[in-house]
Undergrad: 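First the structure, which I've put down as structure tokens, then a few questions once you've had a look.
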Amino acid sequence: MTATKKESEIKNTENSTPSTLSDAPIGVFDSGVGGLTVVREIMRNLPNEKIVYFGDTARVPYGSKSQENVIRFSKQIIHFLRTQGVKAIVIACNTASALALDAVESDLDIPIIGVIKPGAHMAAKATHNKRVGVIGTESTIRSRTYDRFIQQQDPEIVVFGKACPLFVPLVEEGWLKDSVTEEVARRYLSELLRKDIDTLVLGCTHYPLIRSLVGKIAGDQVTLVNPAYETAQELRRLLEQEQLINTGENNKKDEMHQFYVSDAAEKFGEFANSILPYDVKRARKINIEEY
Ligand code: DGL
């Protein structure tokens with residue numbers, strides 16, 4: 001399960017020689033396990049699409065890294081995903097979408113989307129009082145990328161950001177409904193809730209997993225926006241527009257999706273199986289620095 005593979009060994013796997021471009025997989029990447037919340041939405045909403053996922057478990061977290069490094073990591077991962085013959089790429093990581101999407105998209109000849117624009121568009125649609133809160137990693141909040149995309153939709157919307165760095169380790173520890181997580185969430189959210197927001201963006205891959213806890217604290221008057229779900233909808237629109245939707249006719253049901261990581265493949269597999277509607281039989285470890 002954990003054997004390291006080199007590029008030459010990985011090329012020409014079951015996903016790399018599809019009969020038509022529509023049959024090719026979607027490449028999805030994240031700094032680690034969090035992007036599986038996006039994979040889950042893609043599996044639910046686009047069940048015929050094959051996925052090649054890469055989780056950068058050796059270099060997580062991205063949320064406290066410099067933009068220069070997040071761009072470098074993203075370029076390496078995109079290079080790896082291209083070796084898998086992907087037809088489109090989804091940056092499932094909010095931090096990488098905020099810091100690296102602009103830098104990587106110009107070099108690509110296949111479609112690429114991040115999670116921030118779809119989440120921002122829904123937030124602008126959902127708010128009535130034009131006061132939106134965004135929670136995310138330190139880098140995502142500092143970049144103000146959500147603010148930019150929300151205000152592109154409506155310049156009158158006021159955006160309040162709040163970094164919640166403790167949520168990622170708490171979710172990875174599995175403390176989704178724990179009293180400690182609830183106390184931490186109350187502290188983080190109290191400042192935002194005093195701003196009279198009516199919409200709150202869950203701007204980090206891990207936060208949809210504590211959605212019910214956040215919803216309980218925020219109350220019914222606050223609409224929660226899940227960028228993972230919005231991204232799956234955006235992906236569908238993009239594939240339709242580019243005529244890249246997989247009809248599923250040529251799909252092999254066995255190991256339809258492929259999972260790769262840069263470290264701790266076994267732990268990744270366990271987490272994946274706890275949240276995905278799919279049996280992940282193995283995750284393969286690769287040396288991403290080779291790409
Ligand atoms: N995947 C990251 C994000 O959505 C959270 C974890 C990290 O900091 O790398 O921003």
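Counting convention: from 1, in listed order, for ligands and their atoms alike.
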Undergrad: Is there a path from I51 to V115 through hydrophobic residues (I, L, V, M, F, W, Y) whose side chains come within less than 4.5 Å of each other?
TA: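 Result: yes, single cluster for both.
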
Undergrad: Can you find a non-hydrogen atom of S31 under 4.0 Å from ligand 1?
TA: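 Within the 4.0 Å threshold, so yes.
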
Undergrad: Can you sort out which atoms of ligand 1 are near V60, meaning under 4.0 Å from one of its heavy atoms?
TA: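 Going through ligand 1 atom by atom, the ones under 4.0 Å from V60 are 9 (O).
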
Undergrad: Show me which atoms of ligand 1 lie under 4.0 Å from any heavy atom of Y62.
TA: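 By the 4.0 Å cutoff, the relevant atoms are 7 (C), 8 (O), 9 (O).
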
Undergrad: State which residue, out of I71, V70, N69, fulfils the side chain to side chain contact (heavy atoms under 4.5 Å, CB included) condition with Q67.
TA: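 Passing option: I71.
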
Undergrad: Please tell me whether V168 and L189 are part of a single hydrophobic cluster in this structure, the criterion being side-chain heavy atoms less than 4.5 Å apart.
TA: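 Different clusters: V168 never reaches L189 through Ile, Leu, Val, Met, Phe, Trp or Tyr contacts under 4.5 Å.
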
Undergrad: Which is it for D30 and ligand 1 at heavy atoms under 4.0 Å: side chain, backbone, both or neither?
TA: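 Answer for D30: side chain.
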
Undergrad: Do any heavy atoms of C204 fall under 4.0 Å from ligand 1?
TA: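 C204: in contact with ligand 1 (<4.0 Å).
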
Undergrad: With a cut-off of 4.0 Å, which atoms of ligand 1 are near a heavy atom of P61?
TA: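 Near P61, the atoms of ligand 1 are 7 (C), 8 (O), 9 (O).
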
Undergrad: Name the closest protein heavy atom to atom 8 (O) of ligand 1, giving the residue it belongs to and the distance to 0.1 Å.
TA: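 I find the closest protein heavy atom is G63 N, 2.8 Å.
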
Undergrad: In this structure, which one of R284, K281, R282 forms a salt bridge (charged side-chain N to carboxylate O under 4.0 Å, His left out) with E255?
TA: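 Between E255 and the candidates, salt bridge (charged side-chain N to carboxylate O under 4.0 Å, His left out) is satisfied uniquely by R282.
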
Undergrad: Considering only heavy atoms, does N94 approach ligand 1 within less than 4.0 Å through its side chain, its backbone, both, or neither?
TA: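 Both the backbone and the side chain of N94 come within reach of ligand 1.
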
Undergrad: By the definition ring-ring contact (aromatic ring centres under 6.0 Å, His included), identify the one residue from F268, Y291, F80 that meets it with Y260.
TA: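 The residue from F268, Y291, F80 that satisfies ring-ring contact (aromatic ring centres under 6.0 Å, His included) with Y260 turns out to be F80.
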
Undergrad: Sort out for me which residue in D154, T223, D198 forms a side chain to side chain donor-acceptor pair (under 3.5 Å) with T127.
TA: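 Filter result, single survivor: D198.
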
Undergrad: Any idea which part of T137 is under 4.0 Å from ligand 1, heavy-atom wise: side chain, backbone, both or neither?
TA: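 For T137, only side-chain atoms sit under 4.0 Å from ligand 1.
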
Undergrad: Identify the closest protein heavy atom to atom 10 (O) of ligand 1: which residue and atom is it, and at what distance?
TA: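 In this structure, atom 10 (O) of ligand 1 has T95 OG1, 2.6 Å as its nearest protein heavy atom.
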
Undergrad: Tell me whether the rings of Y53 and F259 are parallel (<30°), tilted (30 to 60°) or perpendicular (>60°).
TA: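 Aromatic pair Y53/F259 classed tilted.
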
